[in-house]
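Just so it is clear, the values below take in all heavy atoms, side chains as well, and ignore hydrogens, waters and symmetry mates. Throughout, protein chains are lettered first and strands after them, A, B, ... in sequence-line order, and every chain is numbered starting at 1. Please read these numbers as outputs of a predicted model, since none were measured by experiment.
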Amino acid sequence: MNFKGYRRKDGSIGIRNKTLIIAVDECCDGIARNISEKVKDSVVLTNSYTCMLGGNEETFNQMIAVGQNPNVGGVLVIAMGCGSILPEQIAEPIAKIGKPVDILTCQKNGGTRKTIETGILKLKEISEEINKTPREDVSIAELIVGVKCGGSDTSSGMASNPSAGNAIDKLIDAGGIGIGGELFELQGCQENLRRRAVSEEVFNKIDSLIEAEKSRWSVEGTNVETMSIGNSVGGLTTIEEKSLGALYKMGTKPIKDILEINKDFIDKPKESGFYLSETTMLCGGAGVNFASLGAQMVLWTSGAAGFNNPIIPVIRISGNEDLFNDDMDIDARGIMNGLDTVDNVGNNIIRKIVEVANGEKTQLEDLGSSTLTLYQKDQRLEKLLGGCKNR
Amino acid sequence: MNRFSKKDEKDNVATALVDLGKNKTAHIYLSNGEHLTNIYSNEMIPHGNKIALNDINNGDKIYKYGEVIGVCTEDIKKGDLVHVHNVKSLTVDIPKEFKKEIMRQIKIIQEEGEANEL
């Protein structure tokens, strides 16, 4: 199966041709949004953790990695000018892989009004350049697809998650790559993961990262929900049951590796197969995590809710009879009453993946996007917890 | 049809895809759509909850998806509701007071279900 994609200079394939404005500090967020309003297909990614670099390296690394995502054709990096993250530091590694990149600093450019004006001109120039990128026929083996759940209920473990897993398996059979995450929600799945990991070494790495995530979210004296009362009244008895239902969306293929996202580096998948990752369970942040791992698309399973991302399109799958609505791209309801099969819905997902890769919009594309949250691990908490390897 | 789903051969529970009243027949189906067996319910099983496919003894493991989802904490009869009142997690169990509240809400659903039957 083939689709028409944008081949980037580094060889990666984009399924969208966006321009990205990276606001390296929160003070230039408004400037970035004013520029974006005037340039079609542009997206704003803002660092909202202040303008300091120290302690925010994971965010810094993600800003670069999102700029390098194949769905991004070109980038404008802007800064207020008084912070410690220089736009050049972000722009350079993105330019290095062959993308048109420009920078703009408000203080040096005569203030907010002038910077908006100049920014619009600069971004339009980048946009014109990337619009010349031809679309070429490529195989779906070029696709890297993230898989995540949210708004889960009983139908998730029975219908939408197994269907997504079925599609991920088929994508990998065709030479593609699948990436899962949400390590906190893999508690109780270790035996299953041990069987799936390609080696003892990979399993140990997975296990230690799950334990690290567990320690971050289970600090004594703080209330963190692993299961809501609503989850249980809906029929989920233990965290194992919830986690195993969630694991279904990750298919059945061997786990090649676990991709780390941290203050020192961001891993990238290297060859066809399934990967776990440190992608957060929090939806907005997960979209950015997946984009920084190089994914071009996300499968999102739900009871019913509308998670969306403006850089990497999200295909939403639900099997909830009561809450299904036109936010959903894939209807898995038939599985619940025996009128449809997981295999058939899996095939529908694969067809949808190819259509969306080909440029067809998802149900919510360009409509009601989630915030591009730059989620990062708090370095102070990492230090206090000690157990999280220097991270 | 009162459809229940058994996800794996190993499983000793099946999940209700409908609200099933007390003393009713649960039709147990496998993932491939094959009808496996029928079981009588000893109590109302609300949608999304699990029914025991056979007697399960205190200390036995509960299997769903072919994996262990917890351990039985009091003897369960075939046809009983399998939930937080008779199963605990082997990883992080739900605190007692939360379990109480969950079962209080489940009881209300069960009673309403049975009232509607009449």
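For A:Val233, the parts lying near chain B are the backbone and the side chain together; criterion is any non-hydrogen pair under 4.5 Å. Looking at B:Tyr29, there are no atoms closer than 4.5 Å to chain A (heavy atoms on both sides), in backbone or side chain. Both the backbone and the side chain of B:Ile102 come within contact range of chain A, with heavy atoms under 4.5 Å apart. The contact between A:Asn337 and chain B is made entirely by backbone atoms, counting heavy-atom distances below 4.5 Å. Contact annotation for B:Lys88: only backbone heavy atoms (N, CA, C, O) come within less than 4.5 Å of a heavy atom of chain A. A:Thr341 does not touch chain B: none of its heavy atoms, backbone or side chain, sits under 4.5 Å away.
Judged by distance alone, the side chain of A:Glu240 and the main-chain N or O of B:Leu90 form a donor-acceptor pair under 3.5 Å. Judged by distance alone, the side chain of B:His47 and the main-chain N or O of A:Gly235 form no donor-acceptor pair under 3.5 Å.
Taken from SG in A:Cys189 to CD in B:Glu67, the straight-line distance is 7.5 Å, to the nearest 0.5 Å. Of the inter-residue distances, the one linking B:Asn49 atom CG with A:Thr237 atom OG1 reads 6.5 Å to the nearest 0.5 angstrom. Rounding to the nearest 0.5 Å gives a distance of 9.5 Å between OG of B:Ser31 and CD1 of A:Ile335. Interatomic distance, A:Leu247 CG to B:Tyr65 OH, rounded to the nearest 0.5 Å: 10.0 Å. The CZ atom of B:Arg104 sits 9.0 Å away from the CD1 atom of A:Ile229 when rounded to the nearest 0.5 Å.
Against chain A, the residues from residues 73-82 of chain B that qualify, each with a non-hydrogen atom under 4.5 angstrom away, are B:Val82 in number order.
Within a 6.0 Å radius of CZ in A:Arg380, other residues, nucleotides and ligands contribute 12 heavy atoms or fewer. Summarising the local packing, CD of B:Glu9 is surrounded by 12 or fewer heavy atoms from other residues, nucleotides or ligands at distances under 6.0 Å.
A:Leu244 and B:Val68 make their closest contact through CD1-O, 4.0 Å (heavy atoms, listed as atom of the first residue, atom of the second, distance).
Contact count against chain B (heavy-atom pairs under 4.5 Å) is highest for A:Gly234 among A:Ser243, A:Gly188, A:Gly234, A:Gly230. Among B:His83, B:Arg3, B:Glu101, the residue making the largest number of heavy-atom pairs under 4.5 Å with chain A is B:His83.
Between A:Ile239 and the options B:Ile94, B:Ile69, B:Thr91, a side chain to side chain contact (heavy atoms under 4.5 Å, CB included) holds for only B:Thr91.
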